Amino acid sequence: MTTRATGVVGGTMETSATFIGTATVLLRLGAFTMLTDPNFLHRGQRAYLGHGLWSKRLTEPALGPDELPPLDGIVLSHLHGDHFDREARRHLPRDVPVLTTVAAARRLRKWHFDAAVGLPAWDDVVLRHANETLRVTSVPARHGPTGPHLALPATMGSILDWEVDGVRRLRLYISGDTRFNRRVLGDIPRRFPDVDTMLVHLGGTRVLGLLVTMDARDGVRLANLVRPERIIPIHYDDYGVFRDPLSNFLQPGVTARMDGVVTPILRGETVDLAPGVVRAANSASTSAGT
């Protein structure tokens, strides 16, 4: 079953996600405001992918860095030009913690992002506001097929656990740029069951003919491994190297094979992340149809 995203940028939801574009999402988790994979290049500008390769942006971001609210942190899956670009490097505040891979943090500190924190897999950082905590845990990801992934930046997924008075209120999983590989990803649901929402990086990115991010088939396999309540696809149409359209993932025959409700989100839209919202909407829809 598929539901459309609703809402507008901002709002008063206790927990929400606003999609800016590519893998850039503004998260409001209680007292915390987080940004993921900041990419603010404009349509027609090119992102550097390493090894002399570039890709042109095909879309416009919903927000610019000057339109962001004050941030408590940035979660960065890896250091690629479509995930942390020259606009982010130029305009984002350098005193905000950037939670990322060890290699990316080392580079960011050279760029004077002195609060960058490198997280090996399964390590975490805890942010605090009064009686609220946000724990960000690095989890495995592999950017490409085994072997060729060594030519690409080290990457990570992340688990965000928001708690109030020691009680978890939301568990969010962000896949990062990865291919589906059960040996790499299989420990995630064992260590972190009961995921409320998964932000899944799709797009079927191809570089020199190699598939280096998940396409629809990989996305289904990951959804059925993690079994979140809700799946929000991102990272799907912003660059020319994204070759697998979102429509492949949203086909009724595909979504019917997944554990979890798929919630498409367009640039500039905001969705409520509160657990149970999807279940309640589905129950209301079912009741209306009987």
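Note that this is a predicted model, so its numbers are computed, not measured.
- Residues P228 and T197 form no side-chain contact, since every pair of their non-hydrogen atoms from C-beta on lies 4.5 Å or further apart.
- Contact record, I20 with R267: O-CG, 3.5 Å, taken as the closest heavy-atom pair.
- Taking CG from D85 and OG1 from T24, the interatomic distance works out to 7.5 Å, rounded to the nearest 0.5 Å.
- Residues D215 and R206 are not paired through a salt bridge, judged by the lack of any N-O separation under 4.0 Å between the basic side chain and the carboxylate.
- Looking at every heavy atom in both residues, P140 comes nearest to A121 through CG-CB, 4.3 Å.
- No side-chain heavy atom of D124 sits under 4.5 Å from any side-chain heavy atom of V136.
- In this structure, I174 CD1 and M34 CE are separated by 8.5 Å, a value rounded to the nearest 0.5 Å.
- Here the options are V117, L134, T137, V75, the test is side chain to side chain contact (heavy atoms under 4.5 Å, CB included), and the partner is V125; only V117 passes.
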With side chain to side chain contact (heavy atoms under 4.5 Å, CB included) as the criterion, how do T213 and D244 come out once you've worked through the C-alpha distance, each side chain's angles and the decisive distance to 0.1 Å? CA-CA 10 Å; T213 67; D244 191 61; over 6 Å; no
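- Cluster annotation: V98 and L71 are assigned to the same hydrophobic cluster (Ile/Leu/Val/Met/Phe/Trp/Tyr, side-chain heavy-atom contacts under 4.5 Å, transitive).
- Following chains of ILVMFWY side-chain contacts shorter than 4.5 Å, one cannot reach L99 starting from V102, and the two form parts of different hydrophobic clusters.
- Interatomic distance, F84 CZ to L79 CG, rounded to the nearest 0.5 Å: 7.0 Å.
- Two residues are said to be in side-chain contact when any heavy atoms from C-beta on lie closer than 4.5 Å; L250 and V262 meet this criterion.
- Few gaps surround CZ on R109; more than 12 heavy atoms of other groups in view lie less than 6.0 Å from it.
- Both V254 and L225 are members of a single hydrophobic cluster when ILVMFWY side chains are connected at heavy-atom separations under 4.5 Å.
- Salt bridge annotation for D161-R171: present, with a cationic side-chain nitrogen under 4.0 angstrom from a carboxylate oxygen.
- Follow the hydrophobic side-chain contacts under 4.5 Å out from L273 and you reach L266 in the same cluster.
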Determine, step by step, whether F113 and R107 satisfy the side chain to side chain contact (heavy atoms under 4.5 Å, CB included) criterion, reporting the C-alpha distance in whole Å, the side-chain angles of both residues, the deciding distance to 0.1 Å, and the verdict. CA-CA 9 Å; F113 286 88; R107 175 65 63 85; over 6 Å; no
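- The distance from atom NE2 of H42 to atom CD of E60, rounded to the nearest 0.5 Å, is 5.5 Å.
- Side-chain contact between R191 and I159 is absent, with no heavy atoms from C-beta onward closer than 4.5 Å.
- Few gaps surround CZ on R221; more than 12 heavy atoms of other groups in view lie less than 6.0 Å from it.
- Note: L199 CG to I231 CD1 = 11.0 Å, rounded to the nearest 0.5 Å.
- Considering T178, L152, V207 as possible partners of H143, the one that fulfils the side chain to side chain contact (heavy atoms under 4.5 Å, CB included) test is L152.
- Taking the six-membered ring for Trp and thresholds of 30 and 60 degrees, H201 and H83 have nearly parallel ring planes, at less than 30 degrees apart.
- Between F192 and W122, the ring planes are parallel. Angles under 30° get that label, and only those over 60° would be called perpendicular.
- For the residue pair D37 / S77, a side-chain donor-acceptor distance below 3.5 Å is found, with atom types taken as modelled.
- Residue F40 is grouped with residue W111 when hydrophobic side chains (ILVMFWY) are merged at heavy-atom distances under 4.5 angstrom, including chains of intermediate members.
- With rounding to the nearest 0.5 Å, the separation of CZ in R230 from CE in M198 is 12.5 Å.
- A donor-acceptor contact closer than 3.5 angstrom is absent between the side chains of D82 and N39.
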